[in-house]
Amino acid sequence: ENHGVRISTSEKKKGAGSAVFSGDGKFLELIPHEASLFAAGSGRLNSFSIEFWLNPARLSEGERVIRWSGAVNTPGEGLQGSTLQQEILCVISGRGMYWEFQNIFLTPQLHRTDFVLKSTRSLIPSRWHHHMIRYDGDTGLLEYLIDGIPEDIVYASANRSENDEMYAPMIGAAKGAGITVGRGYT
């Protein structure tokens with residue numbers, strides 16, 4: 001769903017066009033189909049990737065590029081369980097990208113988790129770069145790549161290494177929002 005974002009057929013890297021954001025609160029919202037990766041109740045995930053091309057006009061601290069939120073219901077005492085909020089967030093930080101995966105990779109006891117990936121190099125305004133988050137369900141490796149070059153890696157485990165029990169990514173059944181792209185981004 002387009003919330004006032006300009007679509008350009010001349011400013012593009014791949015495909016038929018691109019979305020142009022101007023920082024005025026306009027954004028795109030991608031509503032997942034019920035059988036897709038980020039749909040409520042998708043449950044346990046295996047390997048996945050998130051990728052896009054980005055050509056920033058400028059880089060302002062805290063600008064949100066992508067956000068998805070949802071929730072997973074956890075067992076609790078009595079008749080009511082608790083709800084654990086989930087979020088995937090990609091923002092501009094220190095002229096680079098900052099990714100946060102909050103309660104996406106769950107412990108067997110459904111405890112809170114937070115995994116962060118950051119770019120090591122500064123992004124250059126007015127230059128196209130390919131960004132990719134990739135999770136390998138066999139190894140538990142979560143990695144962030146820019147233009148195919150690894151920027152940061154973390155294992156989805158308690159000690160963030162490959163020598164520990166891996167946490168499984170899970171999308172809860174509680175209804176979440178769509179994936180917002182470009183809200184507050186210039």
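Between L30 and V181, the closest side-chain pair of non-hydrogen atoms falls below 4.5 Å. Side-chain contact between V65 and V91: absent, with no pair of heavy atoms (C-beta onward) separated by less than 4.5 Å. By the 4.5 Å heavy-atom criterion applied to side chains, Y155 and M166 are counted as neighbours. D114 places a side-chain heavy atom less than 4.5 Å from the side chain of E100. Between V154 and L117, the closest side-chain pair of non-hydrogen atoms falls below 4.5 Å. Considering only heavy atoms from C-beta on, L28 stays 4.5 Å or farther from T180 through its side chain. A 4.5 Å side-chain heavy-atom check between L84 and R112 finds at least one atom pair inside the cut-off. A 4.5 Å side-chain heavy-atom check between L59 and P125 finds at least one atom pair inside the cut-off.
One distance of note links CZ of R58 with CG of L123; it measures 15.0 Å at 0.5 Å rounding. Separating the CD atom in E63 from the CZ atom in R183 is a distance of 14.5 Å, to the nearest 0.5 Å. Here CD1 of I179 is found 9.0 Å from CD1 of I31. Values are rounded to the nearest 0.5 Å. The distance from atom CG of D147 to atom CH2 of W128, rounded to the nearest 0.5 Å, is 12.0 Å. Atoms OG and CG, on S157 and N163 in that order, are 8.5 Å from each other to the nearest 0.5 Å. Separating the CD atom in E87 from the CD atom in Q102 is a distance of 5.5 Å, to the nearest 0.5 Å.
The side-chain tip of R160 points at the ring of F115 from less than 6.0 angstrom away and within 45° of straight on.
Nearest heavy atoms, A156 versus F105: CB-CD2, 3.6 Å. Residue G96 comes nearest to S119 through the heavy atom pair CA-OG, 3.2 Å, listed as atom of the first residue, atom of the second, then distance. Listed here is the closest heavy atom pair of D138 and D136: N-OD1, 2.7 Å. Smallest separation of non-hydrogen atoms from N46 and G137: OD1-CA, 3.3 Å. Closest approach of V20 to S8, counting heavy atoms only: CG2-CB, 3.7 Å. Here the closest non-hydrogen pair linking L106 and Y167 is O-CB, 3.4 Å.
Remark: the backbone N or O of Q85 is paired with a side-chain donor or acceptor of N103 at under 3.5 angstrom. Under the 3.5 Å distance criterion, the side-chain polar atoms of T9 are left unmatched by any main-chain donor or acceptor of G17. A distance-only check finds no donor-acceptor pair linking the side chain of S93 to the backbone of M97 [under 3.5 Å].
When each of Y98, F52, W99 is tested with H131 by the rule ring-ring contact (aromatic ring centres under 6.0 Å, His included), just one qualifies, namely F52.
Under the 4.5 Å side-chain heavy-atom criterion for grouping Ile, Leu, Val, Met, Phe, Trp and Tyr, L45 is connected to I66 within one hydrophobic cluster. A chain of hydrophobic side-chain contacts below 4.5 Å, direct or via other Ile, Leu, Val, Met, Phe, Trp or Tyr residues, connects I171 to I50. Under the 4.5 Å side-chain heavy-atom criterion for grouping Ile, Leu, Val, Met, Phe, Trp and Tyr, L141 is not connected to F48 through any hydrophobic cluster.
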Q) What do the steps show when you test E143 against L145 for side chain to side chain contact (heavy atoms under 4.5 Å, CB included), and what is the final call? A) CA-CA 7 Å; E143 59 184 331; L145 300 94; 3.7 Å; yes
Q | Steps toward side chain to side chain contact (heavy atoms under 4.5 Å, CB included) verdict (I146, H130) | A | CA-CA 6 Å; I146 298 177; H130 180 255; over 6 Å; no
(Q) Determine whether S161 and N159 satisfy the following criterion, side-chain hydrogen bond (donor to acceptor under 3.5 Å, both in side chains), listing intermediate values before the conclusion. (A) CA-CA 5 Å; S161 77; N159 65 10; 2.7 Å; yes
Q: Using the side chain to side chain contact (heavy atoms under 4.5 Å, CB included) rule, take F101 and L142 through it: C-alpha gap first, then chi angles, then the decisive distance, then the call.
A: CA-CA 10 Å; F101 293 80; L142 180 64; 3.9 Å; yes
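Under a 4.0 Å N-O distance rule, the pair K118/E151 does not qualify as a salt bridge.
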